[in-house]
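Have a look at the structure below before the remarks.
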Amino acid sequence: MSLGCYQTILFPTKGKSGFSSWNPLKNSQLKGNKISGVEFSNFHVSQRRKGIPMRLKSLLSVDSAVEIEGKEGVNTGSKYDAIVIGSGIGGLVAATQLAVKGAKVLVLEKYVIPGGSSGYYQRDGYTFDVGSSVMFGFSDKGNLNLITQALAAVGREMEVIPDPTTVHFHLPNNLSVQVHREYSEFINELMSKFPHEKEGILKFYGECWKIFNALNSLQLKSLEEPIYLFGQFFQKPLECLTLAYYLPQNAGDIARKYVKDPDLLSFIDAECFIVSTVNALRTPMINAGMVLCDRHFGGINYPVGGVGGIAKSLAEGLIDQGSEILYKANVTNIIIDQGKAVGVKVSDGREFFAQTIISNATRWDTFGKMLKAENLPKEEENFQKVYVKAPSFLSIHMGVKADVLPPDTDCHHFVLEDDWTRLEEPYGSIFLSIPTVLDSSLAPKGRHILHIFTTSPLEDWEGLPPKDYEAKKELIADEIIRRLEKKLFPGLKSSIVFKEVGTPKTHRRYLARDMGTYGPMPRQIPKGLLGMPFNTTGISGLYCVGDSCFPGQGVIAVAFSGVMCAHRVAADIGLEKKSPILDAALLGLLGWLRTLA
């Protein structure tokens, strides 16, 4: 299959790469079903077809033990500089950045491998990404290539394959738009679809570039550390003022300043929905600018062997720095002593202690479960007034016969066929990744991987008897596959050789995320990022990192969160310069600004 893709190595190999080889439903007729307001066509749910593995239960488990370096005999009496709860990308970036600065760090991971929603699992010769395959932050230039920088900090680099198209949109009114890697190609294609909005298109995306260029010019560290912040302001005052100007603004408001065509505004909604799972009016302009431009500046680059290699490489680099990671360590409590976080307790009763605790769990899991005996800090109350849990996803991982895909198939697709109003509804929009278009090593010869996901609330899956739960998974998965078959790939259903379905309950179970959520979502139209908390919390010694911290969801965003958190923690434990007086003033100011949201 020739797609104009090519492989490249970003850096000459300096040593160990950190990337190892990856080595029944009863017959029933379901008619006119409606789930969460979505009506499904009549079709037959039958016993699985002969020869096709239909695994619908344990989405994130692995076929066999995967060799991961970790500590079996971590000394519970050891005193660490930092304990990190969870080994998602945000947590691992924070841990490795601290370790490189000289801190002794312990990462505690509930599962048997690192990565969280950026992990992987293997089945029948396939290597599946658990979450998104759209990888930002992997370029070799600028300051927003945060994954590249994080890996390099611990002596790792990964071979990547540039993706020529970030995403191919298939939208109502037969609107088809390819977001090309080259910005000029994308803009020209969009203007050809909306020639009467040429000026508005250039102005809206031009504002995105103002934000991106400002961010990309700065050395990214903690916005809660005043010595760094004031230093950046004096060096780059215009860039800092640009970001301050856009901080309380949303993409939808700015788009409406320049664009009038309702279909083009809906397209911008779809662009933002991929970034934040909400429309443009509720997407902070800084988030939109960062993502909608980095896809052209640094581009989307897929790591050879799968997304799971990022976390695996970071975990190995962490160990090389003399720190530790412990798997099958489910943290149930954060230990508070005289108002300060001093340690954690895991499900088997062991306790570990450190100067600082960093939670890579969601803020709901952190403050609602691990600190259930504590009073909720005021700033967390305010956060939960402004934000709610974003919906989870229904995921379908499939292996299909390769010949079902046309030879020019793009890697990533977004499908919303008939009605713009369904954009944010459960099961309305479909995300599709086909990583084997870029890296054929992920699947057996003659096969492709399709990773399909669509928003789905946990409430749809609660309280169902096992048979009904399995039948519902099959029902919705078949309808999603039918839609893709009709819109993109005729004969898709008959080409399936492997299928596995996961629900929000699966994500909650394996990723330890409350309600299976993938981050916060504003209750109403927000004031940009003003209400989003940073890394410090209302409890001394406790920090948060990941997608429920500034700047929000997405790989590049959580990596940024990890960098910021490591810098703030390093200052607090004496590994970076610190000014207590300026700290108090800045943290007070930031807290006051959040109340304005």
Over 60° means perpendicular and under 30° means parallel, so classify the ring planes of Phe169 and Phe267, tilted if in between. perpendicular

Would you call the rings of His170 and His413 parallel, tilted or perpendicular, taking 30° and 60° as the class edges? parallel

Cationic tip of [X] above [Y] ring, under 6.0 Å, 45° of axis:
X: Lys141; Y: Phe297; result: yes
X: Arg363; Y: Phe383; result: yes
X: Arg295; Y: Phe186; result: yes

Under 3.5 Å, is there a donor-acceptor pair between the side chain of [X] and the main chain of [Y]?
X: Glu485; Y: Leu492; value: yes
X: Thr242; Y: Leu238; value: yes
X: Gln553; Y: Pro520; value: yes
X: Glu182; Y: His296; value: no
X: Asn301; Y: Val160; value: no

Is [X] salt-bridged to [Y], going by a charged N under 4.0 Å from an acidic O?
X: Asp365; Y: Arg513; result: no
X: Glu197; Y: Lys260; result: no
X: Asp163; Y: Arg181; result: no
X: Lys487; Y: Asp418; result: no
X: Lys203; Y: Glu199; result: yes

Between [X] and [Y], does the ring centroid distance fall short of 6.0 Å?
X: Phe453; Y: His451; result: yes
X: Phe414; Y: His168; result: no
X: Phe128; Y: Tyr120; result: no
X: Tyr258; Y: Phe204; result: no

Please tell me if the side chains of [X] and [Y] come closer than 4.5 Å, counting only heavy atoms from C-beta onward.
X: Val93; Y: Val545; value: no
X: Phe212; Y: Leu144; value: yes
X: Tyr427; Y: Ser456; value: yes

Over all heavy atoms of both residues, which pair between Ser222 and Met564 is shortest? Give the atoms and the distance, please.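 The answer is CB-O, 3.2 Å.
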
Do you know the tightest heavy-atom contact between Leu314 and Leu92? CD1-CB, 4.0 Å

Taking it one step at a time, do Ser276 and Thr283 satisfy side-chain hydrogen bond (donor to acceptor under 3.5 Å, both in side chains)? CA-CA 6 Å; Ser276 60; Thr283 298; 2.7 Å; yes

For Glu424, enumerate each residue passing the side-chain contact (heavy atoms from CB on, under 4.5 Å) test, keeping only those at least two apart in sequence or located in another chain.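 By the side-chain contact (heavy atoms from CB on, under 4.5 Å) rule, Glu424 matches Phe273, Val278, Asn279, Arg282.
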
